[in-house]
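Mind looking over this structure? Questions follow.
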2 protein chains.
Amino acid sequence: MTEPRWLSESEQEVWRAYQTATKLVGESLDRQLQRDSGMPTTYYEILVALSEATGRELRMSELAEFTKSSRSRLSHAIARLEENGWVTRRSCPTDKRGAFASLTEDGMGVVRAAAPGHVNEVRTVLFDGLSTDQVKQLGEISAAIVAQASKGCPSDPCDE
Amino acid sequence: MTEPRWLSESEQEVWRAYQTATKLVGESLDRQLQRDSGMPTTYYEILVALSEATGRELRMSELAEFTKSSRSRLSHAIARLEENGWVTRRSCPTDKRGAFASLTEDGMGVVRAAAPGHVNEVRTVLFDGLSTDQVKQLGEISAAIVAQASKGCPSDPCDE
DNA sequence: GCACTGAGGTTGAGAGCTCAACAACAGGTA
DNA sequence: TACCTGTTGTTGAGCTCTCAACCTCAGTGC
């Protein structure tokens with residue numbers, strides 16, 4: 001790292017386009033979910049993860065891994081979702097340090113109500129603008145980035 | 001919107017990979033900049049935009065457009081950067097509503113000091129994991145997403 | 001049993017973002 | 001001049017995120 005490996009002209013263009021695109025997509029989704037369902041994207045992702053888990057509950061650490069969230073963020077989020085009555089906490093019987101988060105009926109209802117609008121927004125801002133080939137490429141590129149990122153910190157991309 | 005246009009199995013995979021990848025990239029960069037330069041990515045982008053402008057200053061509205069930021073966010077950010085002595089505000093002589101933000105010498109120094117580490121991180125988390133073809137594809141895909149997003153709200157992707 | 005190290009979670013403070021409300025001014029029309 | 005509408009930018013409140021400190025407990029070695 002003695003000499004900075006600057007970006008070429010074309011790499012800079014790609015980088016800036018990438019930044020703009022991801023920012024637009026992220027903010028569109030955030031606005032849509034906040035407007036229609038009164039919650040940020042991160043909370044929605046938590047609820048979805050729980051809704052797909054067997055028994056609709058997960059250990060906090062697993063939930064953090066699924067949602068690529070830090071333990072701290074998740075803890076704050078679950079506290080907030082619990083206030084709303086969408087999630088409850090349960091301590092783990094076999095490991096007294098541990099805790100489960102589980103989705104309530106109300107929470108499941110919120111997910112079901114939010115899903116159509118959310119999916120529609122995803123289509124509108126992302127898929128509708130891309131060709132079939134580009135969608136495939138985007139999948140491969142994303143996977144490559146994830147793989148690359150995982151090399152940096154083996155088996156633990158999060159926290160401290 | 002009478003019937004939700006659900007995502008296919010493969011689209012879901014792409015969508016999840018995309019979310020994970022963009023989250024990892026964004027958080028890596030945020031952590032790196034915060035750790036090494038004591039500021040979030042959004043602030044760095046503001047300073048870079050100013051550093052590249054003629055006279056190293058821009059109208060607030062132009063700066064908001066360049067950085068894809070809301071007026072509100074920008075206003076808060078500039079206030080913070082002004083406290084640090086990296087930016088100064090100047091009112092516009094021809095339009096009394098308007099304001100210019102301009103980069104100070106200190107601010108320019110901060111950008112110069114931050115750039116190498118930032119660029120290196122961009123390479124590490126993004127470009128190093130992709131083939132030459134994939135970089136090209138990512139550029140095209142990003143441009144397509146930006147174009148698609150601009151269709152939604154012609155010539156103004158921000159605020160209110 | 002006792003100490004030590006690490007893992008699982010929580011907490012509080014500080015910081016940035018969003019949203020809505022607002023103030024000040026520009027440009028046009030009557 | 002007076003009014004009306006749209007633009008530019010700021011502000012404050014509420015919310016989420018990050019970071020570091022902390023607590024509790026599990027597993028290991030002695």
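The chains referred to below are lettered A, B, ... by the order of the sequence lines, with proteins before strands, and numbering in each begins at 1.
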Query raised in the report: Taking only side-chain nitrogens and oxygens of R80(A), does any of them come within less than 4.0 Å of OP1 or OP2 of dT16(D)?
Result: yes
Report summary line: Atom CD of E65(A) and atom P of dG8(C) are separated, to the nearest Å, by 11 Å
Report task. Would you mind checking if K23(A) and E27(A) are paired as a salt bridge, meaning a charged N to carboxylate O distance below 4.0 Å? Result ->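 Salt bridge absent between E27(A) and K23(A).
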Query raised in the report: Quick one: are T67(B) and T42(B) in side-chain contact, heavy atoms under 4.5 Å?
Result: no
Report task. Determine the contact category for D30(A): base if any of its heavy atoms lies under 4.0 Å from a base atom, sugar-phosphate if only primed atoms, P, OP1 or OP2 are that close, otherwise nothing. Result ->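 Answer is nothing: D30(A) stays at 4.0 Å or more from every strand.
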Report task. Would you mind reading off the distance between D95(A) atom CG and dC23(D) atom C1', rounded to a whole angstrom? Result ->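 Distance check: D95(A) CG to dC23(D) C1' gives 14 Å.
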Query raised in the report: Has the side chain of H76(A) got a donor or acceptor that lies under 3.5 Å from a partner of the other kind on the base of dG12(C)?
Result: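 By the distance-only test, yes, there is a pair.
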Query raised in the report: Salt bridge check: are D30(B) and R35(B) linked by an N-O gap of less than 4.0 Å?
Result: no
Report summary line: To the nearest angstrom, the NZ-C1' distance between K23(A) and dC17(C) comes to 12 Å
Query raised in the report: Base, sugar-phosphate, or nothing: which does S75(A) touch, judged by heavy atoms less than 4.0 Å apart?
Result: base
Query raised in the report: Does dT18(D) have OP1 or OP2 sitting under 4.0 Å from an N or O in the side chain of R31(B)?
Result: no
Query raised in the report: Taking the nucleotide of DNA chain D with the closest heavy atom to each, which residue, K96(A) or A77(A), is nearer the 5' end?
Result: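 Looking at the nearest nucleotide for each, A77(A) comes out on the 5' side.
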Query raised in the report: Would you say a side-chain N or O of R59(B) is under 4.0 Å from OP1 or OP2 of dG9(D)?
Result: yes
Query raised in the report: Which residue lies toward the 5' end of DNA chain C, M39(B) or S61(A), if each is placed at its nearest nucleotide?
Result: S61(A)
Report task. Examine dC19(D): is either OP1 or OP2 under 4.0 Å from a nitrogen or oxygen in the side chain of S70(A)? Give yes or no. Result ->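 For S70(A), the contact criterion (side-chain N or O under 4.0 Å from OP1 or OP2 of dC19(D)) is not met.
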Query raised in the report: Would you say the side chain of S72(B) and the base of dT11(D) hold a donor-acceptor pair, judged only by whether the two atoms sit under 3.5 Å apart?
Result: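 Indeed there is one.
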Query raised in the report: OP1 or OP2 of dT10(C) less than 4.0 angstrom from a side-chain nitrogen or oxygen of R89(A), does that happen here?
Result: yes
Query - Donor-acceptor pair (no angle test) under 3.5 Å: R97(B) side chain, dT7(D) base - result: yes
Query raised in the report: Ion pair present between R16(A) and E52(B), side-chain N to carboxylate O less than 4.0 angstrom?
Result: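 Between E52(B) and R16(A) there is a salt bridge, with a charged N closer than 4.0 Å to a carboxylate O.
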**Report entry** Whole angstrom value for the distance that separates C1' of dA21(C) from CZ of R71(B)
**Finding:**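 Spelled out: CZ on R71(B) to C1' on dA21(C) is 16 Å.
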Query raised in the report: Can you tell me how far C1' of dT11(D) sits from CD of E82(B), to the nearest Å?
Result: 15 Å
Query raised in the report: Tell me: CD of Q34(A) to P of dT18(C), nearest whole Å?
Result: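 Checked: the CD to P distance equals 11 Å.
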Query raised in the report: CG of L74(B) versus P of dT8(D): gap in Å, rounded?
Result: 13 Å
Query raised in the report: Expressed in angstrom and rounded to an integer, what is the separation of R90(A) atom CZ from dG9(C) atom P?
Result: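 Spelled out: CZ on R90(A) to P on dG9(C) is 12 Å.
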Query raised in the report: Does R89(A) reach the main-chain N or O of A99(A) with its side chain, forming a donor-acceptor pair under 3.5 Å?
Result: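 The answer is no, because no donor-acceptor pair under 3.5 Å joins these two groups.
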